[in-house]
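Report on one structure; see the data block that follows.
Counting convention: from 1, in listed order, for ligands and their atoms alike. Residues take their numbers from the sequence shown, with the count starting at 1.
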Amino acid sequence: MKTSDAEYPSDLVIQAAGVKPNTAWLKGTIDLDDRGWIETDEYLRTNVPDVYAMGDAVLAYSIPAQTKMPIALATVVRREARYVVDHIFENTPSVPFQGVVGSSALSVFDYHFASSGLNTTTAKKAGVTIKTSFYKDTLRPAYVPTEKGNPDVYVGLDFDPQTHKILGGAVLSTYDITAQENVIALAVQQGLRLEDLAQADFFFQPGFDRQWSLLNLAAQHALGEPEFTK
Ligand SMILES: Cc1cc2nc3c(=O)[nH]c(=O)nc-3n(C[C@H](O)[C@H](O)[C@H](O)COP(=O)(O)OP(=O)(O)OC[C@H]3O[C@@H](n4cnc5c(N)ncnc54)[C@H](O)[C@@H]3O)c2cc1C
């Protein structure tokens, strides 16, 4: 594949055209931004009294970015709807919508992949400085042979280089480790740092994982600690 920057060897190219909200019919009644996203305040209220907006046509408040950005997911609108239902009868809303992390998973051929929060592209768009650490390991202890069910596993962690706050991440393997992503999502939502994830007390059982759990190791690696080889 050849772009204006470089040429990349590739078997398959997937071009993502992007999406934009189909909100022209609201023009003149509901305030829209210059790209058509419905404008809401921190309580998900539009400019029209008693009219709330949520979902794909609204920019979602991202916890790691601490700003609004497009995150078109059912998981986002479900949380926004729950918030509105909880607060719709308050004359003065008691608390703003907390925001979302934004997580999704996908299987591509033999690989299972999941990601949460910010990545280098979305962080740049949101004006957030991140550092990324890439970690490769095996699912189970090193003494378990590959053919006995010990495939490679990969973790990317995105974090604030100053505070080490975890802002996003991704996991990938031929073995389904996508549930690990929900731990990263919770770490992002709760504002945990690499140091917290490096030390978090997770289980070990050689049938499932390593002596240190995968996300412990990925965080230790991101902190520059010596590799755990056993
Ligand atoms: C193929 C696909 C797979 C997805 N998989 C996932 C997934 O696995 N996990 C996940 O979290 N998210 C997933 N999503 C995203 C998720 O579906 C959306 O984020 C979610 O449905 C957004 O909800 P919404 O209520 O904002 O909009 P929608 O669900 O799109 O609802 C909008 C509704 O408004 C109606 N409408 C539009 N214009 C008008 C009009 N002028 N008058 C009256 N009605 C109108 C539409 O017909 C539609 O029913 C997927 C999306 C797609 C396309």
Side-chain ion pair, R140 and D209, N-O less than 4.0 Å:
no

When you check the gap from the basic side-chain N to the acidic O, do D158 and K131 get nearer than 4.0 Å?
no

Which of these, L106, D56, L26, has its nearest heavy atom closest to atom 22 (C) of ligand 1?
D56

Going by the closest heavy atom to atom 10 (C) of ligand 1, which one wins out of A60, A24, A72, A74?
A74

Strictly less than 4.0 Å: does any protein heavy-atom distance to [atom] fall in that range?
atom: atom 16 (C) of ligand 1; value: yes
atom: atom 12 (N) of ligand 1; value: yes
atom: atom 42 (N) of ligand 1; value: no
atom: atom 46 (C) of ligand 1; value: no
atom: atom 29 (O) of ligand 1; value: no
atom: atom 51 (C) of ligand 1; value: no

Between S116 and E181, a side-chain donor and acceptor under 3.5 Å:
yes

Judged by modelled atom types alone, do T178 and D176 share a side-chain donor-acceptor pair under 3.5 Å?
yes

Looking at L32, L59, D33, which hits side-chain contact (heavy atoms from CB on, under 4.5 Å) with I38?
L32

Relative to the heavy atoms of T75, which atoms of ligand 1 are at a distance of less than 4.0 Å?
11 (O)

Can you check whether G55 has an N/O within less than 3.5 Å of an N/O in ligand 1?
no

Using distance alone, determine whether A57 and ligand 1 share an N or O pair under 3.5 Å.
no

Nearest protein heavy-atom contact for atom 23 (O) of ligand 1: which residue, which atom, what distance?
V77 CG1, 3.8 Å

What protein heavy atom is closest to atom 38 (N) of ligand 1, reported as residue, atom name and distance in Å?
W25 NE1, 4.6 Å

Please walk me through it: do Q220 and E227 pass side chain to side chain contact (heavy atoms under 4.5 Å, CB included)?
CA-CA 8 Å; Q220 291 168 9; E227 299 296 314; over 6 Å; no

So F134 and Y154, would you call those rings parallel, tilted or perpendicular, with 30° and 60° as cut-offs?
parallel

With a 4.5 Å cut-off on side-chain heavy atoms, are M69 and T122 touching?
yes

Is there a side-chain contact between T46 and D31, using heavy atoms and a 4.5 Å cut-off?
no

Proximity of L73 to ligand 1 by residue part, where a heavy atom lies under 4.0 Å
both

